[in-house]
> 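This is the structure I want to talk about, given as structure tokens.
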Amino acid sequence: MSLADQVFVSMCQDILQHGTSTQGEKVRPHWEDGSSAYTIKKFGVVNRYDLSREFPALTLRKTAIKTCTEEMLWIWQRKSNNIQDLNSTVWDEWADENGSIGKAYGYQMGVKHQYKEGMMDQVDRVIYDLKHNPYSRRIMTNLYVHQDLHEMNLYPCAYSMTFNVTQREGEDKLILNAVLNQRSQDVLTANNWNVCQYAVLMHMLAQVCGMQVGELLHVIADAHIYDRHIPLVKELIARPQYAAPTFRLNPEITDFYQFTPGDVAIENYVTGEQIRNIPVAI
């Protein structure tokens, strides 16, 4: 059975059984009808995914791998903050009349900074260090830039990646590991979406840097299930689980900026039915 399913089910059970309710408290999110969107939450959820063993797509329901890859590349490769550059409606809620989401996500990735080696943005710095200084303990990105928060239409949720390289005795290829830090997560709508996005990113970076993938560690400060999602989550985690799919990445791509969603494929992906019309708190 899929290890990702087991991690997800365990996390949801823990939140439902031992989480803290925000019912009656002052909360920012609300439903479309204007009522407050309360949650059951757990602080400090930590999930580990060994990408060398399997690709962590849920089989309880389908995760749209190409669509979540498209969004990841919009941020990490195109470094865009405009939904007109994104073939998805995921961000429409937070875009202004010109399509901009403000100085958030891709905007921050595209800002160039001065290093001893010259001017680079955060993505290019990660790739440079992975290729030239892989054992550095300073290979990381950060989207939570306080001076620009007032110009972001949405504060970053998944805000930081820290990369760490290891090596197994007797093997030539280095192993790329990473920590994804997330301040807040709507578990039903976003958990596996984010996990798969950053798993794809790690596969891409490992390939262009001549490495193999290792562990993705996902740290969530506030992992929550919205009140209107509780029955959906209970039904979801009771479903049958299937074997993890096989991940394929176009082996001919050696430049991160040449990847497209079409270079990503998962095979033998057997899943339960998709959950339709999930209410989304805004």
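Treat the numbers as computed from the prediction; the structure is a model and nothing was measured. Along the sequence shown, residues are numbered consecutively beginning with 1.
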> Between Cys12 and Ile225, which heavy-atom pair has the shortest distance, and what is it?
O-CD1, 4.3 Å

> Look at the side chain of Asp5 and the backbone N and O of Gln241, then say whether any donor-acceptor pair between them is shorter than 3.5 Å.
no

> Decide, yes or no, whether a salt bridge links Arg53 with Glu215 under the criterion of side-chain N to carboxylate O below 4.0 Å.
no

> Taking C-beta and beyond as the side chain, do Leu249 and Val264 meet within less than 4.5 Å on heavy atoms?
yes

> Is there a path of hydrophobic side-chain contacts, each under 4.5 Å between heavy atoms, that joins Leu205 and Leu217?
no

> I want to check something: taking the side chain as every heavy atom from C-beta on, are Gln77 and Met109 in contact at a cut-off of under 4.5 Å?
no

> Just wondering, do Tyr105 and Pro156 contact through their side chains at under 4.5 Å, heavy atoms?
yes

> Would you find a donor on one side and an acceptor on the other, under 3.5 Å apart, between the side chain of Gln122 and the backbone of Asn142?
yes

> If I compare all heavy atoms of Ala199 with all of Leu216, which pair ends up nearest, and what's the gap?
N-CD2, 4.1 Å

> Quick one, Arg239 with Glu235, criterion salt bridge (Lys or Arg N to Asp or Glu O under 4.0 Å). Give me CA distance, side-chain angles, the key distance, then yes/no.
CA-CA 7 Å; Arg239 290 180 176 185; Glu235 187 275 330; 3.0 Å; yes

> Any side-chain heavy atom of Trp76 sitting closer than 4.5 Å to one from Met161?
yes

> Any salt bridge linking Asp222 with Lys41? Criterion: basic side-chain nitrogen under 4.0 Å from a carboxylate oxygen.
yes

> Tell me whether the count of non-hydrogen atoms from other residues, nucleotides or ligands lying under 6.0 Å of NZ in Lys66 goes above 12.
yes

> Can you see which heavy atom on Gly214 is nearest to which on Asn177, and at what distance?
CA-OD1, 3.4 Å

> Can you confirm whether Gln197 sits close enough to Trp193 that some side-chain heavy atom of one is under 4.5 Å from a side-chain heavy atom of the other?
yes

> Less than 4.0 Å between a side-chain N and a carboxylate O, is that true for Asp121 and Arg125?
no

> Check whether Glu70 reaches the backbone of Asn87 with its side chain - one donor and one acceptor, N or O, closer than 3.5 Å.
yes

> Please tell me whether Met140 and Val165 are part of a single hydrophobic cluster in this structure, the criterion being side-chain heavy atoms less than 4.5 Å apart.
no

> Report yes or no: do Ser52 and Asp50 form a side-chain donor-acceptor pair below 3.5 Å?
yes

> With a 4.5 Å cut-off on side-chain heavy-atom distances among I, L, V, M, F, W and Y, is there a chain of contacts connecting Leu201 to Leu130?
yes

> Going by atom types only, do Tyr107 and Asn82 share a side-chain donor-acceptor pair under 3.5 Å?
no

> When you compare the side chain of Phe163 with that of Val179, does any pair of heavy atoms fall below 4.5 Å?
no

> Answer with yes or no whether the hydrophobic clustering places Val233 together with Ile220; edges join I, L, V, M, F, W, Y residues whose side-chain heavy atoms lie under 4.5 Å apart.
yes

> Say whether, by atom type as modelled, one donor and one acceptor occur between the side chain of Asp129 and the main chain of Arg138 under 3.5 angstrom.
no

> When you look at CZ of Phe43, are more than 12 heavy atoms from neighbouring residues, nucleotides or ligands closer to it than 6.0 Å?
no

> With distance as the sole test, does Thr59 use its side chain to make a donor-acceptor pair with the main-chain N or O of Tyr242 at under 3.5 Å?
yes

> Looking only at heavy atoms, which two atoms of Ala158 and Leu180 are closest? And how far apart?
CB-CD1, 4.0 Å

> Quick test of your reading of the model: are Glu273 and Arg61 salt-bridged, counting only N-O distances below 4.0 Å?
no

> Please confirm whether the backbone N or O of Asn194 pairs with a side-chain atom of Gln182, one donor and one acceptor, at under 3.5 Å?
no

> Restricting to non-hydrogen atoms, name the atom on Leu176 and the atom on Met202 that form the minimum distance, rounded to 0.1 Å.
O-CE, 3.3 Å

> Just by distance, do the side chain of Tyr269 and the backbone of Thr63 share a donor-acceptor pair under 3.5 Å?
yes

> One pair to check against salt bridge (Lys or Arg N to Asp or Glu O under 4.0 Å): Asp14 and Lys42. What are the steps and the verdict?
CA-CA 8 Å; Asp14 188 34; Lys42 281 284 289 187; 3.6 Å; yes

> Assess whether atom CD of Glu252 is packed by more than 12 heavy atoms of other residues, nucleotides or ligands within 6.0 Å.
no

> Counting only N and O atoms by type, is there a donor-acceptor contact under 3.5 Å from the side chain of Asp96 to the main-chain atoms of Ser100?
yes

> Can a donor-acceptor pair be found, under 3.5 Å and without considering hydrogens, that links the side chain of Asn192 to the backbone of Leu58?
yes

> Flag this pair as yes if the NZ/CZ of Arg183 is under 6.0 angstrom from the six-membered ring centre of Tyr155 and inside a 45 degree cone about the axis; otherwise no.
no

> Find out whether Ile83 and Asp92 are in side-chain contact, i.e. whether some heavy atom of one side chain is under 4.5 Å from a heavy atom of the other.
yes

> For Leu188, is there any backbone N or O sitting under 3.5 Å from a side-chain donor or acceptor partner on Asn191?
no

> What pair of heavy atoms forms the shortest contact from Trp31 to Ala37, and how long is it?
NE1-CA, 3.3 Å

> With a 4.5 Å heavy-atom cut-off, do Arg228 and Ser35 have their side chains touching?
yes

> Among Glu171, Gln207, Lys173, which one satisfies side-chain hydrogen bond (donor to acceptor under 3.5 Å, both in side chains) with Gln212?
Glu171

> For the CG atom on Asp33, are there more than 12 heavy atoms of other groups (residues, nucleotides or ligands in this structure) within a distance under 6.0 Å?
yes

> For atom CG of Asn98, decide whether the heavy atoms of other residues, nucleotides or ligands shown that lie under 6.0 angstrom number more than 12.
yes

